[in-house]
**Q** 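For reference, the structure I am asking about is given below.
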2 protein chains.
Amino acid sequence: MSQHSGSGTAAVQERSGPKTERGRRTLRRLLDAAGEEFGTRGYHETAISNITQSAGVGLGTFYVYFKSKEEVFKALVADMGARTRHALTESVKDAPNRLEAERLGIRAYLQFVREHKSLYRVVMEAQFVAPEAYRAYYRTFSEAYRQQLSQAAKRGEISEGDDDVRVWALMGASTFLGLKFGVWEDDADVNAVSEAAADLMINGLAPRAKKGDAS
Amino acid sequence: MSQHSGSGTAAVQERSGPKTERGRRTLRRLLDAAGEEFGTRGYHETAISNITQSAGVGLGTFYVYFKSKEEVFKALVADMGARTRHALTESVKDAPNRLEAERLGIRAYLQFVREHKSLYRVVMEAQFVAPEAYRAYYRTFSEAYRQQLSQAAKRGEISEGDDDVRVWALMGASTFLGLKFGVWEDDADVNAVSEAAADLMINGLAPRAKKGDAS
DNA sequence: TTGAAACATGAGTCAACATTCAGGTTCTGG
DNA sequence: CCAGAACCTGAATGTTGACTCATGTTTCAA
């Protein structure tokens, strides 16, 4: 996320990528197949041969493109991070203020999870398969998020508070909602869920004041 | 969590438990060692021999008490569930109202996580090792939690809202805070974190009204 | 056309466990 | 003291699957 120019689907560690068109196609197929297999069966249940078969290439071909099983996995996590940040940035681009951005963000997040279930599971499993990649994923995320919150607080759009704590609480809430309503119950109404979630994040559990108070 | 009387540390599937004192002691040592090893190295990196060595018993002994590697793991998840619920129930026992209960709950939760880092990691890894146990863990949790919220709402102690969504958002927030400030940064000030978290959960991000409003 | 770089392949290697088992040792009631 | 139950043990077994490699095949610039 910081060393490569980001042509789209994460970089390979190897000395530079494929040289020919054929090579690029094969790499892409392997990456896609890996995401699908890891996301479905899980890292440890997935054999390299599952990936290569699913990609329609020979077993040995895998090692032409990746140094190890773990390496593809890490590449997928990094890729998912970049894509997620991109999707969120887009969705929030022209929100008039932070509270509205939160509302849009949570909706976009749920939507995104639902459209990328496999990669989402890969990210979660990274906590145990590639802890460093996992932490990097959330570190990058939380740093940008915290920036947003503290600036919004300065502008008076949200209350003051410990942004580090808030960011992690909010990320946790989104993550769990993504798991529950994006992956497990993928028939739930995304809009309803994200509205309810945004309401909690914005107003909290406290009972609303009965009548005219400030805003 | 439902078929055994709950003497303390989860049950074994086998036809009834150990008959002698020696047996009970050995079982306990295995359970403790397993929790420690799984929590530290992770499920797949942990060999049965790691557990038995750490417990100071022979390799074969493991299979006197457990049918398989997965079985101990599940037992640990169930045990952690019971203990966590117990700790939270206790901590919240004499809260005057739900908002206060949330405050106390999040503090107790962080504290508990910090005192049981290993088992906490086991629970999280269960999502991939024993998905059914993982879902059961959160199902049980969320059902009780939802009860609390809806009753509190009826009493007017908290606002009305989609309790299913709220529960999962709140569990997610706590879980991430537990990971970040309970496991990763175990030197953070638990009280400060839980106050900030409780404030977010109770009041949300919205800017506070300038002057006297309800409550 | 041609040689070499790039790419493709799958049988074979090898180490890492989970689980079994046949044979002890210790305890307990009678 | 004795039989049988309960418990303990670690060498041996069998499987699994990541990774290597020797041998092709394809591409492409000169």
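When reading the values below, keep in mind they use all heavy atoms of this one structure, side chains included, and skip hydrogens, waters and symmetry mates.
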**Q** Measure from the side-chain N and O atoms of A/Ser91 to the backbone N and O of A/Leu88, and report whether any donor-acceptor pair falls under 3.5 Å.
**A**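 Yes, because the side chain of A/Ser91 sits within donor-acceptor range (under 3.5 Å) of the backbone of A/Leu88.
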**Q** Between B/Arg166 (side chain) and A/Ala196 (backbone), is there a donor-acceptor pair under 3.5 Å?
**A** no
**Q** Rounded to whole Å, how long is the line connecting atom NE2 of B/His44 with atom P of D/dA18?
**A**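 Atom NE2 in B/His44 sits about 12 Å away from atom P in D/dA18.
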**Q** If you take any heavy atom closer than 4.0 Å to DNA chain C, which residues from residues 45-53 of chain B end up in contact?
**A**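 DNA chain C contact set from residues 45-53 of chain B: B/Thr46, B/Ala47, B/Ile48.
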**Q** Rounded to the nearest Å, what distance is computed from the CZ atom of residue B/Phe66 to the P atom of nucleotide C/dT20?
**A**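 That distance rounds to 15 Å.
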**Q** In whole Å, what is the span from the CD atom of B/Glu71 to the C1' atom of C/dA18?
**A**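 Atom-to-atom, B/Glu71 to C/dA18, this comes out as 14 Å.
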**Q** Using a 3.5 Å distance criterion without hydrogens, assess whether the side chain of B/Asn50 forms a donor-acceptor pair with backbone atoms of B/Ala47.
**A** yes
**Q** Quickly work out the B/Arg28 CZ to D/dC7 C1' distance and round it to whole Å.
**A** 19 Å
**Q** Check the interface with nucleotides 9-12 of chain C: list each N/O to N/O pair with the protein under 3.5 Å, or write none.
**A**
unit_1 : atom_1 : unit_2  : atom_2 : d
C/dT9  : OP2    : A/Gly58 : N      : 2.6
C/dT9  : OP2    : A/Thr61 : OG1    : 2.9
C/dG10 : N7     : A/Gly60 : N      : 2.8

**Q** With the threshold set at under 4.0 Å for non-hydrogen atoms, list the residues of residues 124-132 of chain A touching DNA chain D in residue-number order.
**A**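 Residues of residues 124-132 of chain A under 4.0 Å from DNA chain D: none.
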**Q** Which distance, rounded to the nearest 0.5 Å, do you find between the CD of B/Glu37 and the CG of B/Leu30?
**A**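 Rounded to the nearest 0.5 Å, the CD-CG separation comes out at 11.5 Å.
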**Q** For the pair A/Glu157 (side chain) and A/Arg98 (backbone), establish whether a donor and an acceptor sit closer than 3.5 Å, ignoring hydrogens and angles.
**A**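 Side chain of A/Glu157 to backbone of A/Arg98: a pair is present.
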**Q** With distance as the sole test, does B/Thr52 use its side chain to make a donor-acceptor pair with the main-chain N or O of B/Ser49 at under 3.5 Å?
**A**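 Yes.
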**Q** Is the ring pair A/Tyr109/A/Tyr120 parallel, tilted or perpendicular, if the boundaries are 30 and 60 degrees?
**A** perpendicular
**Q** I'd like to know if the side chain of B/Lys69 and the backbone of B/Thr46 have a donor-acceptor N/O pair within less than 3.5 Å.
**A** yes
**Q** How are the rings of A/Trp184 and B/Tyr134 set to each other: parallel, tilted or perpendicular (split at 30° and 60°)?
**A**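 Plane angle over 60°, so perpendicular.
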**Q** To the nearest 0.5 angstrom, please state how far the CG atom of A/Asn97 sits from the CZ atom of A/Arg103.
**A** 9.5 Å
**Q** Among all residues two or more places apart in sequence or in another chain, which pass the ring pair (Phe, Tyr, Trp, His ring centres under 6.0 Å) test with B/Phe73?
**A**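 B/Phe73 satisfies ring pair (Phe, Tyr, Trp, His ring centres under 6.0 Å) with B/Phe38, B/Tyr43 only.
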**Q** What does nucleotides 24-30 of chain D look like as a protein-contact string, B for base, S for sugar-phosphate only, - for none, at under 4.0 angstrom between heavy atoms?
**A** --S----
**Q** Quick one: is C/dA18 close enough that its OP1 or OP2 comes under 4.0 Å of any side-chain N or O from B/Lys69?
**A** yes
**Q** A/Tyr65 has an atom OH; how far is it from atom P of D/dC19, in whole Å?
**A** 18 Å
**Q** Which distance, rounded to the nearest 0.5 Å, do you find between the CZ of B/Phe66 and the CZ of B/Phe62?
**A**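 Here the rounded value is 6.0 Å.
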**Q** For B/Tyr43 and C/dC17, give me the distance from atom OH to atom C1', rounded to whole Å.
**A** 11 Å
**Q** Could I get the full list of ring pair (Phe, Tyr, Trp, His ring centres under 6.0 Å) partners for A/His44, not counting sequence neighbours?
**A** B/His44
